[in-house]
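Notes follow the structure.
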Amino acid sequence: MRFTLTDDQSFFRETTNKFLDDLVPVSELRARRDDPVGFDAVYWRRGAELGWTSLLVAEEHGGGSISGSGLHDLALVADAFGRHAAPGPLTTTNVVAGALSRAGGMHDDALAALLAGEATASWCIAEPRPNDRFGAVTLEVRVDGGDLVLSGVKRPVESAPQASWLLVTGRTGPGLTQVLVPTDAAGITVTPLQTVDLTRRFHKVVFDEVRVPVSHVVGEVGGAAAEVAWQHHVAIVLGCAESVGAMQVGFDMTVEYAFDRYAFGRPLAGYQALRHRFADQKMWLEASHAITDRAVDAVAGGEAEAATYVSAAKAYVGHYGSELFHDGVQIHGGIGVTFEHDLHLYLRRHTVERTLHGTPAEHRRLLSGLTGGTPEEEAA
């Protein structure tokens, strides 16, 4: 992130990076390769104590920001997560906490547990094919007396088995409804999915006539379209911040290697052809920083054109991040495709982020108007 930081934000970023350096070094990431959870509960609780889960929550509900703009502060944490390929459901837990806060402090017990790091939550929004078009929602939420009944499938859902609650976005007639569902509710089936990320875990969640009281609704039945759009925007800009953090490390690692590696009597960085490639990478990297910062500004400020900046960031970072990592792997030569080298850890993080909440191609279609609307209209 390149926006100007206050002294408090600089200290917060330094503290977060040091915390991640100490608790999740590369050796820890590799050790958790086959861990079904991917992160440690004590690690997550200590991160919450630093403020990771409270930045999108209003002060009257127990939250608070560092700078007065919680999204900017949280983007710094996301950037640090990308630079460390760090584990933990950062984005999805914050989306749920922010949604509960914006709904007027509904579900106080759940929100308090999220803020304390005693629990995590996950947002169930994406759906499997053929309902995987960006913004498509087909899971049914119907009102049955004093209950809400949920039927449908969501995937991918991050860290679903570890979550205490799932914020499920479904359709009630023509409108969208969001429901906070405890993960131990009858009728929920969770199946693990394969992922290239070493520390993040994703799952398929089936809701088979899951019944919860109407009091579990977040917001209004059938009236959640605007909140879903905001949640999409937040999730996308945080994902872009993580990707840019990973890109920065990948670029720095490749430049360092090019100066250290000698071929035919001089370092790789001395060859003009590679200098041109580094110039392209640097341009992609700085532009990714810039468009992500601008998207964060737009969402945090509630700008009318926030959706445009969000889609522009997602399309650009998703596309050119892949180009940057592809070049990095090629310049590293044979070691660039080995598991023992660290470059792939950041490539993996970017690759997963590229696919979440709409692909670059889907966001380009949104920008060009080929889908006939904005992300808000897509969600509705």
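When a residue number appears, it is its place in the shown sequence, counting from 1.
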Please lay out, stage by stage, how D297 and H72 fare under the test side chain to side chain donor-acceptor pair (under 3.5 Å). CA-CA 8 Å; D297 287 342; H72 283 90; 2.5 Å; yes
Sort out for me which residue in V149, D147, L148 forms a side-chain contact (heavy atoms from CB on, under 4.5 Å) with R142. V149
Which residue, V190, T189, V210, forms the side-chain contact (heavy atoms from CB on, under 4.5 Å) with V205? V190
Over 60° means perpendicular and under 30° means parallel, so classify the ring planes of Y257 and H332, tilted if in between. parallel
Over 60° means perpendicular and under 30° means parallel, so tell me whether F134 and H363 are parallel, tilted or perpendicular. tilted
N/O donor-acceptor pairs under 3.5 Å from side chains in residues 316-324, not counting sequence neighbours:
unit_1	atom_1	unit_2	atom_2	d
S322	OG	G318	O	3.2
S322	OG	H350	NE2	3.1
S322	OG	R354	NE	3.1

Would you say [X] and [Y] make side-chain contact, with heavy atoms under 4.5 Å?
{"X": "R201", "Y": "P192", "result": "no"}
{"X": "L167", "Y": "Q231", "result": "yes"}
{"X": "L76", "Y": "T16", "result": "no"}

Within 45 degrees of the axis of the six-membered ring of F339 and under 6.0 Å from its centre: does R33 put its NZ or CZ there? yes
Test log, rule side-chain contact (heavy atoms from CB on, under 4.5 Å), inputs T53 and W44: CA-CA 10 Å; T53 59; W44 184 255; 3.8 Å; yes
All heavy atoms of F39 vs all of S159, minimum pair found to be CE2-OG, 3.9 Å
Would you check, one step at a time, whether the test salt bridge (charged side-chain N to carboxylate O under 4.0 Å, His left out) holds for D342 with R30? CA-CA 10 Å; D342 293 344; R30 294 179 182 278; 2.7 Å; yes
Set of side-chain hydrogen bond (donor to acceptor under 3.5 Å, both in side chains) partners for E28, sequence neighbours left out: R32
How would you list, by chain and number, every residue that makes a side-chain hydrogen bond (donor to acceptor under 3.5 Å, both in side chains) with E227, sequence neighbours excluded? R102
From OG (S122) to CH2 (W165), nearest 0.5 Å: 13.5 Å
Pairwise distance CG(D327) to CG(L274) - rounded to 0.5 angstrom: 9.0 Å
Would the distance check show the side chain of [X] and the main-chain N or O of [Y] forming a donor-acceptor pair, the cut-off being under 3.5 Å?
{"X": "S151", "Y": "E140", "value": "no"}
{"X": "K282", "Y": "F251", "value": "no"}
{"X": "S368", "Y": "R365", "value": "yes"}

Are there over 12 heavy-atom neighbours, none belonging to E60, within less than 6.0 Å of that residue's CD? yes
Side-chain donor-acceptor pairs of residues 234-242 under 3.5 Å, sequence neighbours excluded:
unit_1	atom_1	unit_2	atom_2	d
E242	OE1	R349	NH1	2.9

Under 3.5 Å, is there a donor-acceptor pair linking the side chains of [X] and [Y]?
{"X": "D108", "Y": "H61", "answer": "no"}
{"X": "E127", "Y": "T138", "answer": "yes"}
{"X": "S67", "Y": "Q9", "answer": "yes"}

Grouping ILVMFWY residues whenever side-chain heavy atoms fall under 4.5 Å, the cluster of Y271 otherwise contains F264
Hydrophobic cluster of V153, others only, ordered by chain and residue number, side-chain cut-off 4.5 Å: V206
side-chain contact (heavy atoms from CB on, under 4.5 Å), that's the test. Do I125 and H357 meet it? Break it down for me. CA-CA 9 Å; I125 177 63; H357 306 292; 4.0 Å; yes
side-chain contact (heavy atoms from CB on, under 4.5 Å) between L90 and L74, worked out: CA-CA 9 Å; L90 179 73; L74 187 54; 4.2 Å; yes
Set out, in order, the CA-CA distance, both residues' side-chain angles and the distance that settles salt bridge (charged side-chain N to carboxylate O under 4.0 Å, His left out) for R294 and E303, then state yes or no. CA-CA 11 Å; R294 186 64 186 92; E303 296 180 20; 2.9 Å; yes
Same apolar cluster: L356 and L366, side chain cutoff 4.5 Å: no
